[in-house]
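Working notes, structure below.
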Number of protein chains: 2
Amino acid sequence: MPIKNADQSAVIGLNAIIVAVTDEVPRILIVQRAAHSLATPAQRGEADSYEDSPVTLPFGPFDPSQHRTLELGLHKWVEQQTGLGLGYVEQLYTFADRHRDPREQAGGPRLVSVGYIALVRQVPLSGAGEAEWQNCYDFFPWEDWREGRPKVVDEIIRPKLQLWAKNIDEKNERESTQERLSIAFGTGTASWDFDRVLERYELLYEAGMIGEAIRDAKIRAAISGLSEPQVASEAIETAKFLGTTMALDNRRVLATAIGRVRGKLKYRPVVFDLLPSTFTLLNLQLVVEALGGVRLHKQNFRRLVVNGGLVEPTGQRDIQSRGRPAELFRFRREVLSERPVSGVGLPSLRTIG
Amino acid sequence: MPIKNADQSAVIGLNAIIVAVTDEVPRILIVQRAAHSLATPAQRGEADSYEDSPVTLPFGPFDPSQHRTLELGLHKWVEQQTGLGLGYVEQLYTFADRHRDPREQAGGPRLVSVGYIALVRQVPLSGAGEAEWQNCYDFFPWEDWREGRPKVVDEIIRPKLQLWAKNIDEKNERESTQERLSIAFGTGTASWDFDRVLERYELLYEAGMIGEAIRDAKIRAAISGLSEPQVASEAIETAKFLGTTMALDNRRVLATAIGRVRGKLKYRPVVFDLLPSTFTLLNLQLVVEALGGVRLHKQNFRRLVVNGGLVEPTGQRDIQSRGRPAELFRFRREVLSERPVSGVGLPSLRTIG
DNA sequence: TCAAAAGTGTTATCCTTACACCCATGT
DNA sequence: ACATGGGTGTAAGGATAACACTTTTGA
């Protein structure tokens with residue numbers, strides 16, 4: 001199947017990464033049948049014989065004639081599809097690499113999507129779509145360290161990645177890959193940095209260890225008319241331990257989003273968009289832990305958050321399940337206008353590295 | 001002049017914000033004649049009678065059939081136009097609001113640009129374009145506090161903005177605007193936060209105080225066939241103190257970029273992409289100060305940077321101008337793999353606010 | 001009475017800030 | 001000699017991390 005002349009055009013779509021936390025689980029909204037309106041069979045070309053994952057991020061085309069801004073366009077179709085009103089919304093990244101959608105090779109237009117992150121208080125879904133909530137860590141089992149370091153890290157990821165990197169022929173590339181490994185997975189002197197979600201995902205993809213990598217290799221072969229590549233059955237077994245495969249590059253998009261949210265947690269009070277207006281300190285902590293994928297030290301967390309002026313007591317108490325009833329707190333919006341820049345110069349250059 | 005049916009289409013372009021620091025001045029690359037290939041007179045419609053600033057950010061259309069990724073496309077035409085090889089490059093934001101280019105109203109396509117920041121060591125320009133370096137603070141005189149608080153802040157910006165906000169009729173809007181003012185310009189309890197470049201720019205625009213706001217009001221009137229709005233000559237005088245006007249929303253894009261760079265300085269070692277491979281600690285400090293728009297405490301800066309393991313001495317000395325010759329340092333690339341996540345939990349939730 | 005969670009107190013350590021002071025070089 | 005910038009020492013204050021410990025409730 002030869003490559004057609006690539007279409008010059010590009011279509012702009014919107015990808016929504018909608019995050020909520022309930023029952024100590026960070027969840028994102030996914031759609032089960034790959035229904036992105038871009039990819040009608042006609043547009044795709046005929047190379048539609050491969051099997052792709054049915055799990056996608058919510059996607060909608062952007063119609064400039066209807067929507068004044070990208071964000072408004074997003075709100076509109078998310079509401080139609082899910083009945084959700086979005087709270088905090090932030091632009092994530094614009095994804096436009098060739099072959100994000102491998103069907104491009106068969107003549108489809110370039111798929112450009114602008115990703116947006118939205119944080120919501122989880123509510124029941126309504127609306128036309130087939131959206132549902134799914135645990136983030138189904139897609140990234142290695143990112144949840146709340147019950148200790150996940151076994152998959154030591155038993156599969158680190159050994160296999162190290163072996164892969166060691167066998168790279170070209171010396172410079174090998175060494176730089178090994179350095180990336182050490183940074184992303186904390187193999188050398190470095191420790192695990194919870195923000196580097198994307199870097200970890202990319203290395204796993206490059207090493208051919210996750211479902212998308214195997215799928216894409218097949219597609220490339222199919223489209224360029226080569227025979228099906230031999231994928232070791234062992235590789236397929238491995239991939240099963242490395243999370244649920246998503247359509248196209250959606251898992252990459254999601255990895256970008258999780259990394260961003262984790263980073264943002266540290267310097268902007270975004271958690272509160274995931275919580276009801278009053279909450280106990282434990283509620284708050286569990287939500288932060290869920291997103292961060294780490295356990296926090298309870299007493300210190302409380303002090304940080306209270307002394308830091310982030311929250312204030314309401315005087316009310318929680319009608320609770322077990323144990324002593326906790327005080328209900330609320331977010332102090334005033335902190336937004338209180339950020340001191342601290343005495344001399346740019347605050348904390350220490351963290352430059 | 002009636003509004004035509006808006007074109008459904010969108011065109012994707014790339015905007016480059018190319019930053020270098022020399023002689024303690026942060027400079028960006030600008031183009032003097034508005035030469036973005038999108039806006040041929042034919043595409044614009046006939047409503048081309050207004051005067052726009054000739055100062056633009058480098059812009060190039062993105063051709064998906066030629067370039068595998070946005071970033072590669074960017075490298076390509078930047079090199080053609082300027083002869084510059086880009087070092088550190090990072091995606092900034094995607095701008096797609098309606099009427100970014102007011103000519104849209106007259107039937108032009110929606111202008112979607114993906115902005116990229118590039119940090120380079122300044123070198124002489126070559127290439128086909130008419131690009132040149134210009135001091136960032138020509139566009140944002142209120143952002144450079146190295147010689148103390150700029151007079152324009154106390155004498156013009158704060159009083160005029162406060163007056164403007166006070167006269168907003170609707171109570172909620174007035175109060176939220178006043179809060180935004182206090183956060184952005186450190187008027188109330190808050191201190192000036194150097195990262196909030198965009199927020200400050202937006203308030204000045206909303207208040208109609210800068211050139212772009214006046215221009216856009218005129219254009220809107222011209223296109224919809226209304227009579228030229230009466231702009232107080234005082235407003236035009238004020239605008240002269242508030243920096244050089246740029247074409248379209250380019251100054252907004254630039255504000256976004258500067259805010260991002262300032263933020264990034266604090267937690268990623270990006271400064272080193274602006275410096276030669278060896279440099280004195282004073283060199284380093286001056287570059288950080290130039291971008292941050294603040295003076296830093298010398299001794300502490302040095303300790304932070306040396307003890308933090310960011311740089312290491314080379315043993316060589318600077319052939320200097322005045323004073324004791326300084327040791328030359330180099331960036332320690334190893335820090336990239338050393339970021340410890342610090343004991344318990346997410347590092348420094350303190351800065352959440 | 002026990003388990004479970006809330007909440008308080010205390011300490012060692014490190015980082016930041018702010019001073020004061022000395023060193024090497026060119027003019 | 002002195003101006004200019006390079007470079008060191010030290011001490012106060014604050015934030016963090018790691019303890020141990022008490023309190024209040026439901027089952």
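Residue numbers begin at 1 in each chain, while the letters A, B, ... track the order of the sequences. None of these values were measured; they are calculated from a predicted model.
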Check: Atom CG of B:Leu284 to atom C1' of D:dG6: distance rounded to whole Å?
Finding: 15 Å
Next item on the list: Quickly work out the A:Phe301 CZ to D:dC19 C1' distance and round it to whole Å.
Entry: 20 Å
Checklist line | Lys/Arg-Asp/Glu bridge criterion (N-O < 4.0 Å) met for A:Glu24, A:Arg146 | finding: no
Checklist line | Rounded distance in Å - NE2 (B:His297) to P (C:dA20) | finding: 10 Å
Checklist line | Set of ring-ring contact (aromatic ring centres under 6.0 Å, His included) partners for A:Phe279, sequence neighbours left out | finding: A:Phe272
Notebook entry, point to check: Pairs in or reaching into residues 302-312 of chain A: which pass side-chain hydrogen bond (donor to acceptor under 3.5 Å, both in side chains), with residues at least two apart or in two chains?
Noted result: A:Asn300-A:Arg303, A:Glu312-A:Arg330
Next item on the list: Please report, rounded to the nearest Å, how far the P atom of D:dG6 is from the CG atom of B:Asp318.
Entry: 9 Å
Notebook entry, point to check: For B:Thr22, what residues pass the side chain to side chain donor-acceptor pair (under 3.5 Å) criterion, not counting sequence neighbours?
Noted result: B:Arg27, B:Gln122
Margin query: Which residues pass the side chain to side chain contact (heavy atoms under 4.5 Å, CB included) test with A:Tyr88, not counting sequence neighbours?
Written below: A:Glu90, A:Leu119, A:Lys264, A:Val270, A:Asp273
Margin query: In this structure, how many angstroms lie between the P atom of D:dG5 and the CG atom of B:Asn283, rounded?
Written below: 12 Å
Next item on the list: Measure the distance from CG on B:Leu310 to P on C:dC15 and round it to the nearest whole Å.
Entry: 13 Å
Check: What one-letter contact string describes nucleotides 7-14 of chain C from 5' to 3', where B marks a base within less than 4.0 Å of any protein heavy atom, S marks contact via sugar-phosphate atoms alone, and - marks no contact?
Finding: BBBB----
Checklist line | Counterpart residues, salt bridge (Lys or Arg N to Asp or Glu O under 4.0 Å), relative to A:Arg121 (two or more places apart) | finding: none
Check: Over how many whole Å does the gap from B:Leu304 atom CG to D:dT8 atom P extend?
Finding: 15 Å
Notebook entry, point to check: Roughly, in whole Å, what's the span from CG in A:Leu282 to P in D:dT25?
Noted result: 17 Å
